[in-house]
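Not measured: the values here are computed from a predicted model. Throughout, protein chains are lettered first and strands after them, A, B, ... in sequence-line order, and every chain is numbered starting at 1.
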Number of protein chains: 2
Amino acid sequence: MGMTIKEIAKLAGVSKSTVSRVINDAEHVSDKARKKVQQVIEETGYIPNSIAKDLKRNSTNSIGVIVPRINTSTISSAVEGISNIMYDNGYNLLLTNTRLDIKEEIKYLELLKEKRVSGILFFATELTSKHLETLNKIDLPVVVLGQDISEIVDFPCVIHDDFNSAKDIAKYLVKQGHQRIAYIGVQEYDIAVGQLRKKGYAEALTENNLEVPEEYLYKGDFSINSGYEGMKEIIESSRQLPTAVFAVTDSLALGAIKYLKERDYQVPEDISVVGIGNSDISSWITPELTTVDYDHLKAGEEASKILLKYITGDKFKGKLLMDYHIIERESVKKI
Amino acid sequence: MGMTIKEIAKLAGVSKSTVSRVINDAEHVSDKARKKVQQVIEETGYIPNSIAKDLKRNSTNSIGVIVPRINTSTISSAVEGISNIMYDNGYNLLLTNTRLDIKEEIKYLELLKEKRVSGILFFATELTSKHLETLNKIDLPVVVLGQDISEIVDFPCVIHDDFNSAKDIAKYLVKQGHQRIAYIGVQEYDIAVGQLRKKGYAEALTENNLEVPEEYLYKGDFSINSGYEGMKEIIESSRQLPTAVFAVTDSLALGAIKYLKERDYQVPEDISVVGIGNSDISSWITPELTTVDYDHLKAGEEASKILLKYITGDKFKGKLLMDYHIIERESVKKI
DNA sequence: GTGAAAGCGCTAACAC
DNA sequence: GTGTTAGCGCTTTCAC
């Protein structure tokens with residue numbers, strides 16, 4: 001194993017330089033020499049060592065990706081989009097998975113720097129001051145996905161329009177005649193989902209002079225089960241039942257619907273439900289879920305394009321808000 | 001940017017070797033020198049260049065992963081399992097995505113060799129002779145996931161027990177009294193899903209002296225929609241309706257159920273449905289799907305452990321069949 | 001068109 | 001305990 005350029009040179013009866021030129025399709029090589037070298041490479045199955053090349057060039061064609069988990073449809077779709085763009089531009093992906101451990105993010109930021117990646121795509125969750133410190137001294141192009149931190153740190157962010165999309169679909173519910181709209185959300189340490197979507201919901205209701213009793217508000221985690229539990233709690237604790245439920249994710253909406261079905265409430269006849277995300281299954285459950293379409297794959301692609309430009313010195317300022325649109329399906333009744 | 005060990009040495013008033021020793025927690029460094037070096041590293045924010053280190057040591061702590069797509073729950077779960085084990089053992093993941101393009105697999109095999117990864121985890125789909133040729137000359141530890149090619153190429157394979165699990169769940173259907181069992185599958189170029197699961201289904205029926213009319217057999221792709229279309233075709237073309245449907249994946253089962261609901265067939269009262277895979281949503285749809293549980297995360301973990309041993313010279317022979325078990329839920333009626 | 005030589009940033013004998 | 005030195009495998013001037 002471990003053929004080197006030197007050995008190839010020897011076998012082909014030329015110098016290392018000539019072999020290098022052949023490998024890199026450079027000019028100034030006679031046909032004869034080129035043929036000979038190619039033949040030797042073919043015979044020996046020589047594969048160049050890109051570590052050495054990278055060291056010499058002082059740059060790798062790798063992009064670091066930091067995710068909190070890989071097996072969610074949101075993230076894996078974004079990573080699919082990232083790989084589309086990056087591979088087309090000759091970059092590889094160094095994937096690091098923090099498994100939801102915030103401290104690991106800092107470790108991976110440094111690890112990727114050690115590996116001398118050309119840039120980093122960072123799926124942010126929660127940002128501590130330690131993060132900002134590390135981010136600021138990393139001295140590497142970074143694009144942040146999923147959270148808007150463009151105000152506190154000088155890196156481009158690619159985010160979904162959580163506030164406006166939440167507000168729009170809440171307004172849609174009001175427009176369909178709903179006045180009592182419950183809320184199933186997540187903890188507020190998650191800015192995008194926990195805070196912004198809730199704010200959109202709240203603002204839509206306030207603007208329509210609608211009040212929300214405390215019993216209509218539930219906060220859990222991101223699991224389907226949390227939607228189930230949330231719906232249960234709302235139903236059990238409400239003196240007057242809501243006519244609609246606003247769930248901050250499709251998974252939560254799915255859990256809510258599950259509970260309603262079990263208790264023989266008809267969706268949407270008795271209670272309407274909306275989600276956010278347009279997940280794969282949202283159109284395959286019964287009733288089909290009315291939701292907001294976020295294009296995660298495209299978000300991954302856009303973030304990649306921004307990073308690529310950033311690497312070449314053309315830095316995008318501020319944040320890119322992704323498009324969204326409401327998908328009307330069957331889970332909302334007009335009353 | 002680009003601090004080097006040399007500059008740190010100069011600033012700390014010691015030699016490169018001493019700095020190297022400090023970085024690598026080696027012995028034979030005085031407390032005084034160590035303190036001084038650490039201080040300079042802290043002040044300058046120096047981060048070692050692991051490219052240079054890797055070149056010197058002639059090995060990287062990276063593992064190559066080749067997937068046909070990343071945004072499927074099956075694959076992303078396996079990758080999650082892989083990252084669990086690999087990170088715990090100090091390895092990073094170099095992720096390559098062929099986007100279902102078989103030719104890319106060969107390209108990536110070579111790319112990963114160039115990158116001098118320590119080993120490769122290869123999610124195989126279809127294997128051509130060109131693949132085998134590349135695989136054989138790659139001279140790197142490789143573990144294959146998803147397809148059993150342990151007979152044709154000398155690499156460990158980690159696979160689900162497609163044949164037996166399919167046979168078992170088909171037998172389960174028979175045991176519940178079903179005699180007319182339709183089949184919704186995928187093309188046979190996919191050995192594991194297309195051939196093995198079908199064979200399991202067929203054998204279960206034959207052993208019970210059950211015959212299958214041609215109209216009960218449908219082959220599509222892996223999409224939910226394909227399950228929908230398959231169910232439609234079976235219903236429309238059958239003179240006598242089946243009492244049960246065997247779908248080779250949960251997605252296909254989901255599509256089938258969707259169609260049945262739309263046409264007002266009750267599941268399982270009118271027609272029973274089973275899937276394979278125990279996907280996230282299988283327990284959240286109505287009715288909850290009876291299916292076979294495959295633990296993809298664990299498959300990723302097991303494959304990683306095998307690769308790790310392989311790298312240290314301890315090669316696993318043949319194939320590892322993963323456990324499975326039938327999950328009885330609500331989509332099958334006893335008749 | 002081709003080769004010799006320097007050097008990318010690091011590690012690891014080896015000498016002191 | 002510390003520094004000097006010789007590479008790791010490659011690219012890239014610079015001569016010729």
Side-chain angles (χ1 to χ4, degrees), chain A residues 1-38 40-41 44-62 110-118 139-140, chain B residues 1-38 40-41 44-62 110-118 139-140:
Chain A
M1 69 176 289
M3 273 277 164
T4 72
I5 203 173
K6 197 171 154 192
E7 299 173 65
I8 301 299
K10 197 168 170 189
L11 287 171
V14 297
S15 73
K16 291 194 300 174
S17 326
T18 300
V19 177
S20 176
R21 289 187 186 105
V22 172
I23 292 171
N24 297 292
D25 294 315
E27 302 185 314
H28 308 303
V29 180
S30 65
D31 274 4
K32 191 174 156 228
R34 166 165 280 121
K35 281 263 158 51
K36 180 63 185 165
V37 170
Q38 282 168 337
V40 172
I41 287 177
T44 57
Y46 165 73
I47 293 185
N49 181 335
S50 75
I51 307 282
K53 184 174 183 170
D54 289 347
L55 176 62
K56 181 68 193 172
R57 293 183 322 167
N58 192 30
S59 101
T60 65
N61 51 347
S62 296
E110 287 173 347
L111 175 87
L112 292 172
K113 172 76 180 189
E114 269 187 39
K115 289 277 175 188
R116 295 298 190 267
V117 295
S118 303
D139 191 26
L140 224 43
Chain B
M1 73 177 284
M3 274 278 162
T4 71
I5 203 172
K6 197 172 154 194
E7 299 173 65
I8 301 298
K10 199 168 169 190
L11 287 171
V14 297
S15 73
K16 292 193 301 173
S17 328
T18 300
V19 178
S20 176
R21 288 187 187 105
V22 173
I23 292 171
N24 297 292
D25 294 315
E27 303 186 313
H28 308 304
V29 181
S30 66
D31 273 3
K32 192 174 154 226
R34 168 166 278 121
K35 280 264 156 49
K36 180 65 186 163
V37 170
Q38 282 168 337
V40 173
I41 288 178
T44 56
Y46 165 73
I47 294 186
N49 181 334
S50 73
I51 307 282
K53 185 173 182 170
D54 289 347
L55 176 61
K56 180 68 193 175
R57 294 183 321 168
N58 192 29
S59 100
T60 65
N61 51 346
S62 298
E110 287 172 348
L111 175 87
L112 292 171
K113 171 76 179 188
E114 268 186 41
K115 289 277 175 188
R116 297 298 189 265
V117 295
S118 302
D139 190 26
L140 224 43

*Would a 4.5 Å heavy-atom cut-off, applied to side chains only, mark A/I51 and A/L55 as touching?*
no
*So do A/N49 and A/T4 actually touch side chain to side chain, heavy atoms under 4.5 Å?*
no
What integer distance in Å separates [X]:[atom1] from [N]:[atom2]?
X      : N      : atom1 : atom2 : result
B/I8   : C/dC10 : CD1   : P     : 9 Å
A/D25  : C/dG1  : CG    : P     : 15 Å
B/H28  : D/dG3  : NE2   : C1'   : 15 Å
A/I51  : C/dG7  : CD1   : P     : 23 Å
A/I47  : D/dC10 : CD1   : P     : 12 Å
A/R116 : C/dC8  : CZ    : C1'   : 12 Å
B/R57  : C/dT11 : CZ    : C1'   : 10 Å
A/I5   : C/dA4  : CD1   : P     : 14 Å

*Report the residue from B/N24, B/T18, B/I23 that forms a side-chain contact (heavy atoms from CB on, under 4.5 Å) with B/S20.*
B/N24
Tell me whether the OP1 or OP2 atom of [N] has a side-chain N or O from [X] closer than 4.0 Å.
X     : N      : answer
A/S30 : C/dT2  : yes
A/T4  : D/dG9  : no
A/S17 : C/dG3  : no
A/Y46 : D/dC10 : yes
A/S20 : D/dT11 : yes
B/N49 : C/dC8  : no

*Going by modelled atom types, is there a donor-acceptor pair between the base of D/dG3 and the side chain of B/R21 at under 3.5 Å?*
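Between D/dG3 and B/R21, which were checked side chain against base, a qualifying N/O pair under 3.5 Å is present.
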*Is the base of C/dG9 touched by the side chain of B/K56 through a donor-acceptor pair closer than 3.5 angstrom?*
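No.
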*Heavy atoms under 4.0 Å, any strand shown: does A/D54 hit a base, just sugar-phosphate, or nothing?*
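Answer is nothing: A/D54 stays at 4.0 Å or more from every strand.
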*asked:* Quick check on DNA chain D: between B/A52 and B/R34, whose nearest nucleotide comes earlier from the 5' end?
replied: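 The residue whose closest nucleotide sits nearer the 5' end is B/R34.
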*Show your working on side chain to side chain contact (heavy atoms under 4.5 Å, CB included) between A/I47 and B/R116 and close with a plain yes or no.*
CA-CA 10 Å; A/I47 293 185; B/R116 297 298 189 265; 4.2 Å; yes
*asked:* Using the side-chain heavy atoms of A/T18, tell me which of these nucleotides is nearest: C/dT11, C/dG3, D/dT2.
replied: C/dG3
_Flag if over 12 foreign heavy atoms under 6.0 Å of CG, A/D31_ =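 No - once you tally the heavy atoms of other residues, nucleotides and ligands closer than 6.0 Å, there are 12 at most.
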*asked:* Return whichever of A/L55 or A/K32 has its heavy-atom-nearest nucleotide of DNA chain C closer to the 5' end.
replied: A/K32
